[in-house]
There are 2 protein chains.
Amino acid sequence: MVMDFSQIRRNEHLPARIASQIGREISEGRIAPGEKLPTEHILAKTFGVSRSVVREAIAQLRNEGLVETRQGVGAFATDFEHRQSIRIEQGNLADHASFQSLFQLRLPLEIEAAGLAATNHTAEDLMKLDEALEQMTGGEKWTEKGVLADLAFHRQIAASTHNEYFLLFLGFIAERIHLAINMAREAAVLTEIVEVTIAEHVAIRDALASRDPIRAREAMRHHLHGAASRLDLQLKVY
Amino acid sequence: MVMDFSQIRRNEHLPARIASQIGREISEGRIAPGEKLPTEHILAKTFGVSRSVVREAIAQLRNEGLVETRQGVGAFATDFEHRQSIRIEQGNLADHASFQSLFQLRLPLEIEAAGLAATNHTAEDLMKLDEALEQMTGGEKWTEKGVLADLAFHRQIAASTHNEYFLLFLGFIAERIHLAINMAREAAVLTEIVEVTIAEHVAIRDALASRDPIRAREAMRHHLHGAASRLDLQLKVY
DNA sequence: TATTGTACGGTTGTCTGATAACCTTATATG
DNA sequence: CATATAAGGTTATCAGACAACCGTACAATA
């Protein structure tokens with residue numbers, strides 16, 4: 001019996017790979033916006049998979065806003081301006097330049113958030129902030145738990161703005177950055193700088209507590225630039 | 001013959017509604033992070049639909065990072081820190097406070113983008129910027145085309161940072177804001193203020209062209225505050 | 001001619017049942 | 001005790017069918 005390996009290799013999650021392949025066709029313009037995709041039957045034949053898989057792939061693209069489907073008519077590519085969601089591929093951040101770009105995006109958001117939080121935070125917010133801070137200064141210092149506390153600290157600042165979108169976006173970005181840092185973490189280097197980092201966090205916390213947005217922004221700016229230089233990033237700043 | 005209407009009403013997109021229902025169970029904590037969801041068979045029985053529909057719903061949740069599936073084991077709710085994508089529900093922005101929050105988020109990003117663009121833009125970027133500007137000042141002024149040109153202008157600034165994430169995030173945010181504005185647009189009011197808006201855009205463009213990041217940031221800040229007050233938004237600013 | 005009604009083919013949406021791949025657990029085996 | 005094997009459950013994929021819906025062509029009608 002002769003095997004046919006010309007079709008897609010089926011080692012992991014068929015629909016996702018087919019979705020990304022069709023997605024690439026659209027992103028790179030081989031399927032123009034508004035143009036109709038081949039029918040599910042044809043796509044199934046083309047990729048050598050069943051229609052279920054094709055349907056799941058198209059459903060995924062629809063969720064991302066890359067295609068729209070109309071029953072009885074077909075599936076159509078949409079122009080990329082009205083995507084429904086933002087997604088960052090995991091692998092992208094391995095690249096140093098890309099990581100730096102994301103950090104550069106984070107900068108103004110965190111600073112603004114610090115200012116807003118200084119104005120808008122409640123007593124409960126401040127309490128949670130102190131909790132996170134305590135976790136960082138606790139005995140175990142820079143274990144995984146310490147890193148998580150760092151994350152929680154910044155997350156709590158975003159929450160203290162009482163602006164849902166700051167929480168949504170900053171939480172998302174911070175999580176990506178955290179993952180990337182973990183990937184390339186040198187424990188030895190980090191243990192040395194814990195004290196500095198904690199001191200910076202305390203400065204932010206105190207500025208917040210005194211409800212001084214200007215000082216909070218400055219403290220956050222200082223902290224992020226410190227963090228960036230520790231991570232060997234060159235950021236533009238004005 | 002007796003009809004059975006107890007099950008889900010099937011007027012539009014079954015999987016999406018089931019996905020949002022399961023998603024709500026997770027978001028509101030009735031299914032804890034890490035906890036296992038019911039099997040597809042059981043879910044299908046529960047909702048009174050076929051397993052295909054349930055599978056498509058779960059696939060959607062997996063895309064959003066709300067659940068993870070392991071073949072042979074089951075589907076599990078994930079804690080919301082590692083969601084894979086950001087999404088803003090359409091209806092949310094109808095609310096004035098929510099719209100204002102999003103605009104507040106946009107503010108620091110646009111300003112930072114203007115500064116970065118002033119430093120990083122190429123000759124080609126400037127050309128495209130001028131194109132968009134020309135479309136705005138063209139005869140038809142504040143038609144739909146004019147609004148699109150406005151969008152394109154800001155999009156081009158984001159692109160001129162040569163930071164992929166600024167383009168991604170700002171493009172996404174600006175698109176939402178544009179949609180919201182369109183929903184509640186008063187043509188009469190807008191036509192009066194076209195001249196002002198265009199003048200502000202020109203100021204940004206000139207600052208960019210002279211590669212002066214400080215001035216570019218100021219011009220953008222001024223423009224956004226003007227736009228905000230025209231839209232009757234109260235933004236915090238420092 | 002212009003409009004309306006209708007039948008038809010094509011496409012997506014949903015259903016059903018079956019098989020494959022995979023994991024966990026229990027049981028047997030050395 | 002450690003390892004191998006069997007069993008059962010769950011997701012992944014497949015295949016084929018019917019339902020819902022759309023667009024078009026064409027006939028019927030005014």
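Proteins get letters first, then strands, A, B, ... in listed order; numbering begins at 1 in each.
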### Query
Rounded to whole angstroms, how far apart are CZ on F47(B) and C1' on dT14(C)?
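Atom CZ in F47(B) sits about 16 Å away from atom C1' in dT14(C).
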
### Query
Please give, in whole Å, the distance from dT10(D) C1' to K45(B) NZ?
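For the pair K45(B) NZ and dT10(D) C1', the rounded distance is 16 Å.
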
For [X], check side chain to side chain contact (heavy atoms under 4.5 Å, CB included) against everything at least two apart and list the hits.
X       : answer
A152(B) : A132(B)
K45(B)  : none
S20(A)  : R24(A)

### Query
Can you name the residues that form a side chain to side chain donor-acceptor pair (under 3.5 Å) with R70(A), not counting sequence neighbours?
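Listed in chain order: nothing, the list is empty.
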
### Message
List the residues meeting salt bridge (Lys or Arg N to Asp or Glu O under 4.0 Å) with E131(A), not counting sequence neighbours, and say none if there are none.
### Response
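If we apply the salt bridge (Lys or Arg N to Asp or Glu O under 4.0 Å) test to E131(A), skipping adjacent residues, there are no hits.
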
Output a table of nitrogen or oxygen pairs between the protein and nucleotides 9-13 of chain C separated by less than 3.5 Å.
residue	atom	partner	partner atom	Å
dG10(C)	N2	G72(A)	O	3.0
dT11(C)	O2	G72(A)	N	3.2
dT12(C)	OP2	E40(A)	N	3.2
dT12(C)	O4'	G72(A)	N	3.4
dG13(C)	OP1	T69(A)	OG1	3.1
dG13(C)	OP2	R55(A)	NH1	2.8
dG13(C)	OP2	R55(A)	NH2	3.3
dG13(C)	O6	R51(A)	NH2	2.9

